[in-house]
Peer 1: 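Just dropping this structure here.
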There are 2 protein chains.
Amino acid sequence: MSQSSKPPQPAPVPTSADVARLAGVSRATVSYVLNNAEAVRISEPTRRKVRRAAEELGYVPHAAARSLRAGHTRIVLLPTSHVPIGPLYSAFLNELQWSLRRLDYTVVQYGSLGLSGDEAARAWAELRPVAVISLGEITLSAHNVATLKRAGARAVITMGPVGVAGAHALVMDQSEVGARAAAHLVDLGHRRIGVVVPQEEGLELFSTPRLEGARSVAGAEIDALPMAYSEESAAALAARWRSLGLDAVFAYNDEYAMLLMRALMDEGLRVPEDVAVVGADDLLIGRLLRPRLSTVQIELPTGDHLAELVDRAVREPGEITQRQDLISAVAVRREST
Amino acid sequence: MSQSSKPPQPAPVPTSADVARLAGVSRATVSYVLNNAEAVRISEPTRRKVRRAAEELGYVPHAAARSLRAGHTRIVLLPTSHVPIGPLYSAFLNELQWSLRRLDYTVVQYGSLGLSGDEAARAWAELRPVAVISLGEITLSAHNVATLKRAGARAVITMGPVGVAGAHALVMDQSEVGARAAAHLVDLGHRRIGVVVPQEEGLELFSTPRLEGARSVAGAEIDALPMAYSEESAAALAARWRSLGLDAVFAYNDEYAMLLMRALMDEGLRVPEDVAVVGADDLLIGRLLRPRLSTVQIELPTGDHLAELVDRAVREPGEITQRQDLISAVAVRREST
DNA sequence: TTGAAAGCGATACCAA
DNA sequence: TTGGTATCGCTTTCAA
C-alpha cells in the first residue's frame, strides 16, 4: 500500500531481523522463541508477539545460514540411481527415507547423473552432509570417502558389493542372489546354466556379483549371456539358444526372465522341460505368466534398521568399518523350473 | 606427525582461509583463483600455488556459505514421490535431472513422505530453492506457492492435474489418458465400461483425472472399480464381475491391467470376447502376456523441454501463469480389446 | 596484482 | 527476561 511502484523486483525474503522488528524485540529473542529454547525463559506475551509476527511475514528460517552457524547439518545424502531399480528397491528406499525423517534428518536425494566418482564426491561434499548412503550406482573410492569425511561426513555407508576403505562398509551382497538361483537349478539336476547379464549401463554393480555368485556354486557350468531389455535382444538370444547347449537360465531378475521366457517359448522351446528359467525379485507380475515364474525372493533390510545404523554411526563416529550382510535370498519354485 | 595426541575428535573441515594460509595469499585471492574470476588478473604462479594448496588440503567449498553470501541458490527442488511411479516417469525424471544439471542447477530430490502440504512447503522453503517442480504427490495450495515464492523461489511448477494460483501451472493432464482409453473402447462398440481406481494411497492425483477423463467421453456408462495391487483384490473383483454387467475395462495402467486380466481369465471369462481390457503406459511386459495387452501410450514432455521452461521462468520471473498441456496420449490396440 | 574488510542470516554467549 | 554482538565460510568492493 505504502509503496505504489512495485516493479517485478522480487520482494526481499523476510529474515529473523524483520520478525524482530515487527514484534518489537531483538533477533535473539526471536531465535529463542522460534526454537523453543529451554535454557531461556521468555514471557508468554512476548512469545505470542513473536509468533504472530513470524506468521504474518511468512517467515521461514534460512537453512544455509542456520547450518553455517551450527557448523554441521542434518543432511543425509542419498545419491539417486539413474537406472530403474524396480519396485523392491524403491520400496526399501522409501522406507529408509521415512525412517530417517523420523530421526530428524533431512534426506536429500542427489542425482549423480553423468558424474564421475570424484566429481560426485566433491559435489556431495559441498553440501556438508552428516552422512552419505551410496547405494552403488557410483563406486566410491577410498579417496572419495576421504573427501566426504574431511567435509564433515560422520558416516559413509556403501551398499555396493564391495567394501570401501574408510567407509562403513555395509554390504548388501548381491552374489547371494546369484548363488541361490544357481543352487536351485543345480538341485533340480541342471548342469549347464546360462546367466543373463543386462547390457544396460549402470546395472553392473548388481549383475556382476550375481554372476559371480552363480559361478561360486559347485556342480554346474556357467555361461554369461549378455542381453538387453528389449524384445529384439531376447529374441536374438532365443534364436541361438539351441546352439548354446544350456538346460537352464538365471535371467538376472524377473523382468529379464519374463522377457526371455516369452522369447524362448515363441522359439518353440518348452519351459521348464527344455529349459528351466528362474528370475529374481519375486515381482507380482511373474505369477501372472504361464508357466508361473520361479524366482529368488530377496529380503532387504528394513529402512528402520538401516536408518538406525546410520544414526548410530553419526552419533558415535568410531571407525566402525565393519562388513555386515543385511541381505538374504531364498529361491521360490513355481512352474518355470 | 607433529600432534601426537589425536583423539577421535573430527579434524576441522578445511576452509578457504586454510588454503590461503598454506598458499601464502589472502582469502580473496583464493576465491578468485578457484572461481576463475575473469574480472581480476592473477599471475600464473599464484594460481598454481593456490590450486596446489587446495588440492593438498582436499578443500571443498561450503555450499551453504556460498549461497548465503550470494543471496540465492541454484537449487531446483524435486519433491520425490513415495509411490512407485513406473519406468515411464522414472525415465522422464532422469532426463529432467540430467537436463537441469547441464543448465548448472543443483537438483535436489526432497522426499516429502508423510508431510502435509504446509509442512512440506515450509521444509522446502528453508532450502531457498530457485525453483520447485512438484510432480503432484503433494497438492500445493495457493498459500504454499506463496510461501515458496516469498522464500525466493522464482518458479513453482506443478504437474498435477489442476493449476494452482500463483504457480506456473504446467499441466500434464492425466484426464487425456482416461479419455483416450474410453474412446478406444467406445469405438470398438463397448457401452458399459469399468474404470479401475487403485486403492493405494498417493495415486489419486493420477487416478482421479484418468477416471474423469473416461467419464468425459460420450456414448458409454462409466463405473469406478476400486482395486488394490494384489492378486487377492484382483480375484475378488473378478469374482463379482459377471454381476457388474460390464463389457470392457480401463484398468488404470498396464500393471493393474495385467493383474486384472489374469484374474478375469482365471474366472473363465474370455478376453476380449467377454470383456475388453485396456491399460496405460505401454509397458514392455504387457506385450508378453497372451492375449497381448492393449494400452494407452503416453508421451511425456522431454526432460530437456521442461528444463528449459524452468530455466526461462527462473531468468524472467514474469508471472507466466499459463496452462500448458505437455502430455499426449494415444491408444494402441493389441489383442485384449 | 593482491589484501583488508563488510556482510549474507541465524544462533548463543555474556551482560544488563 | 531480554538485548548486544561475535561468529560460521565465502564473495566482492574498494584500496593499496
Side-chain angles (χ1 to χ4, degrees), chain A residues 10 12-51 53-54 57-75 125-128 130 150-152, chain B residues 10 12-50 53-54 57-75 122 125-128 130 150-152:
Chain A
V13 183
T15 73
S16 76
D18 296 323
V19 176
R21 200 155 25 231
L22 183 60
V25 300
S26 77
R27 288 154 64 218
T29 307
V30 170
S31 178
Y32 291 141
V33 172
L34 263 34
N35 293 308
N36 293 312
E38 316 229 329
V40 190
R41 287 244 161 297
I42 306 277
S43 69
E44 199 48 48
T46 305
R47 301 186 100 89
R48 259 198 299 278
K49 268 194 306 184
V50 171
R51 284 195 221 284
L57 293 175
Y59 169 72
V60 175
H62 194 308
R66 172 180 290 172
S67 64
L68 180 59
R69 169 64 224 231
H72 62 260
T73 70
R74 297 273 303 167
I75 292 178
E126 291 192 358
L127 298 181
R128 298 290 190 268
V130 70
R150 219 178 307 117
Chain B
V13 183
T15 73
S16 75
D18 296 324
V19 177
R21 201 156 23 235
L22 182 59
V25 300
S26 76
R27 289 155 61 218
T29 307
V30 171
S31 178
Y32 291 142
V33 172
L34 263 33
N35 292 309
N36 295 311
E38 315 228 329
V40 189
R41 285 244 163 296
I42 305 278
S43 70
E44 200 47 49
T46 305
R47 302 186 99 89
R48 259 197 299 276
K49 269 194 305 186
V50 171
L57 293 175
Y59 169 72
V60 176
H62 194 307
R66 173 178 289 172
S67 63
L68 181 57
R69 168 65 221 228
H72 61 259
T73 70
R74 296 274 301 169
I75 292 178
R122 268 188 67 93
E126 291 193 357
L127 298 181
R128 299 290 190 269
V130 69
R150 217 178 308 116

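Residue numbers start from 1 in every chain, and the chains themselves are labelled A, B, ... in the order their sequence lines are given, proteins ahead of strands.
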Peer 1: Name the nucleic acid region contacted by Ser31(B), choosing base, sugar-phosphate or nothing; use a 4.0 angstrom heavy-atom cut-off, strictly under.
Peer 2: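 If one applies the 4.0 Å heavy-atom cut-off, Ser31(B) turns out to touch a base.
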Peer 1: If you check every side-chain atom of Thr29(B), which of dC10(D), dG4(D), dT2(C) has the closest atom?
Peer 2: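 For Thr29(B), the side-chain atoms sit closest to dT2(C).
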Peer 1: Among the nucleotides dG9(D), dA10(C), dG3(C), which one has an atom lying closest to any side-chain atom of Ser16(A)?
Peer 2: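 Between dG9(D), dA10(C), dG3(C), the one nearest the side chain of Ser16(A) would be dA10(C).
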Peer 1: Once hydrogens and angles are ignored, does a donor-acceptor distance under 3.5 Å link the base of dC13(C) to the side chain of Tyr32(A)?
Peer 2: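 By the distance-only test, yes, there is a pair.
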Peer 1: Measure the distance from CD on Glu44(B) to C1' on dT2(C) and round it to the nearest whole Å.
Peer 2: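 Those two atoms, CD and C1', are 16 Å apart.
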Peer 1: Whether Ser26(B) contacts dA4(C) is assessed here as follows: a side-chain N or O lying under 4.0 Å from the phosphate OP1 or OP2. Is that the case?
Peer 2: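 Negative; the distance criterion is not met.
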Peer 1: A side-chain contact here means heavy atoms from C-beta on lying under 4.5 Å apart; do Arg66(A) and Leu68(B) qualify?
Peer 2: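 Contact flag for Arg66(A)/Leu68(B) side chains = no.
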Peer 1: Among dT2(C), dC10(D), dA10(C), which is the nearest nucleotide to the side chain of Pro61(B)?
Peer 2: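 Of dT2(C), dC10(D), dA10(C), dC10(D) is nearest to the side chain of Pro61(B).
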Peer 1: Would you kindly give the NZ-to-P distance between Lys49(A) and dT1(D), to the nearest whole Å?
Peer 2: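 It is 14 Å, rounded to the nearest whole Å.
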Peer 1: CZ of Arg47(A) to CD of Glu44(A): how many Å apart, nearest 0.5 Å?
Peer 2: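 Reported to 0.5 Å precision, the distance equals 6.0 Å.
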Peer 1: Identify which nucleotide among dG3(C), dT1(C), dG3(D) has an atom closest to any side-chain atom of Val25(A), counting heavy atoms from C-beta outward.
Peer 2: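 Closest of the options to the side chain of Val25(A): dG3(D).
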Peer 1: Are any non-hydrogen side-chain atoms of Lys49(B) and Ser43(B) less than 4.5 angstrom apart?
Peer 2: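 In short, these two side chains do not touch, never coming nearer than 4.5 Å.
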Peer 1: Would you mind reading off the distance between Leu34(A) atom CG and dA10(C) atom C1', rounded to a whole angstrom?
Peer 2: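 So the two atoms are 11 Å apart, to the nearest Å.
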Peer 1: The side chain of Ser43(A) is closest to which nucleotide in this list: dG9(D), dT7(D), dT2(D)?
Peer 2: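 Taking heavy atoms from C-beta onward, the closest nucleotide is dT2(D).
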Peer 1: With a 4.0 Å cut-off on heavy atoms, is Thr46(A) in touch with a base, just the backbone sugar-phosphate, or nothing at all?
Peer 2: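 Counting heavy atoms under 4.0 Å across all strands, the contact made by Thr46(A) is with sugar-phosphate only.
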Peer 1: Counting only side-chain heavy atoms from C-beta out, which of dC14(D), dT1(D), dT11(D) sits nearest to Arg41(A)?
Peer 2: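 The listed nucleotide nearest to Arg41(A)'s side chain is dT1(D).
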Peer 1: Could you state the CG-P distance from Asp18(A) to dA10(C), rounded to the nearest angstrom?
Peer 2: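 Between P of dA10(C) and CG of Asp18(A): 9 Å.
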Peer 1: Name the residue closer to the 5' end of DNA chain C, choosing between Ala70(B) and Arg66(A) according to the nucleotide with the nearest heavy atom.
Peer 2: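 Taking each residue's closest nucleotide, the earlier one in sequence belongs to Ala70(B).
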Peer 1: Within the 4.5 Å heavy-atom criterion, are Ser67(A) and His72(A) side-chain neighbours or not?
Peer 2: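 Side-chain contact under 4.5 Å: no.
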Peer 1: His72(A) NE2 to dC8(D) C1': how many Å, rounded?
Peer 2: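 That distance rounds to 12 Å.
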Peer 1: If you check the Val40(B) side chain, which of dT11(C), dT2(C), dC10(D) turns out closest?
Peer 2: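 Nearest to the side chain of Val40(B) among the choices is dT2(C).
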Peer 1: Which whole-number value in Å describes the distance from Ile42(A) CD1 to dT11(C) P?
Peer 2: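 To the nearest whole Å, that distance equals 13 Å.
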Peer 1: Using only side-chain N and O atoms of Asn35(A), determine if any of them is under 4.0 Å from OP1 or OP2 of dA10(C).
Peer 2: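 Result: no.
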Peer 1: Measure CG/Leu68(A) against C1'/dT11(D) and give the value in whole Å, please.
Peer 2: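 My rounded result for the distance is 13 Å.
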Peer 1: Taking only the side-chain heavy atoms of Arg27(A) (C-beta and beyond), determine which of dT1(D), dG3(D), dA6(D) contains the nearest atom.
Peer 2: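 The answer is dA6(D).
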Peer 1: Taking C-beta and beyond as the side chain, do Leu34(B) and Val50(B) meet within less than 4.5 Å on heavy atoms?
Peer 2: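 Of all side-chain heavy-atom pairs linking Val50(B) with Leu34(B), at least one is under 4.5 Å.
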Peer 1: Among the nucleotides dC10(D), dG4(D), dT1(C), which one has an atom lying closest to any side-chain atom of Arg128(A)?
Peer 2: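 For the Arg128(A) side chain, the nearest candidate turns out to be dC10(D).
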Peer 1: For Thr15(A) and His62(A): C-alpha separation, side-chain torsions, deciding distance, then whether side-chain contact (heavy atoms from CB on, under 4.5 Å) applies.
Peer 2: CA-CA 8 Å; Thr15(A) 73; His62(A) 194 308; over 6 Å; no
Peer 1: Arg69(B) CZ to dA10(C) C1': how many Å, rounded?
Peer 2: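 It is 17 Å, rounded to the nearest whole Å.
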